[in-house]
Amino acid sequence: MGATTTTATTPTTPPPAAGIAWDEAFCSEGANCFRFGRDAEGKAYIGTTGSAAYVTDSADALRALISAVKVGAADHLLA
């Protein structure tokens with residue numbers, strides 16, 4: 001899919017998250033919260049609250065990921 005990951009713990013500073021319109025976070029038990037966002041160029045973002053790390057790719061790639069998860073492609077991770 002060509003996704004890139006940016007993490008605040010790497011030696012280089014990640015690009016600022018300014019310009020990303022984040023949706024309200026989806027939270028489970030505790031502080032396990034994920035959020036989705038988009039920028040003005042149409043890139044899609046997935047991040048966690050409490051961290052500057054995020055994954056970014058095209059909206060089409062995010063759509064494909066969500067579709068795959070819906071049909072069970074990640075179910076083995078929940079066992």
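Note that this is a predicted model, so its numbers are computed, not measured.
- Contact record, Arg35 with Thr48: NE-O, 3.6 Å, taken as the closest heavy-atom pair.
- Using modelled atom types, no side-chain atom of Asp57 and backbone atom of Ala61 make a donor-acceptor pair closer than 3.5 Å.
- Each of Ile66, Val71, Leu65 was checked for a side-chain contact (heavy atoms from CB on, under 4.5 Å) with Val69, and the lone residue meeting it is Leu65.
- Rounded to the nearest 0.5 angstrom, Thr49 OG1 and Phe26 CZ are separated by 12.5 Å.
- Nearest heavy atom pair, residue Ala25 against residue Cys33, reads CB-CB, 4.0 Å.
- Side chains of Phe36 and Tyr54 form no contact here, defined as non-hydrogen atoms less than 4.5 Å apart.
- A donor-acceptor pair under 3.5 Å is absent between the side-chain atoms of Thr56 and the main chain of Tyr45, judged by distance alone.
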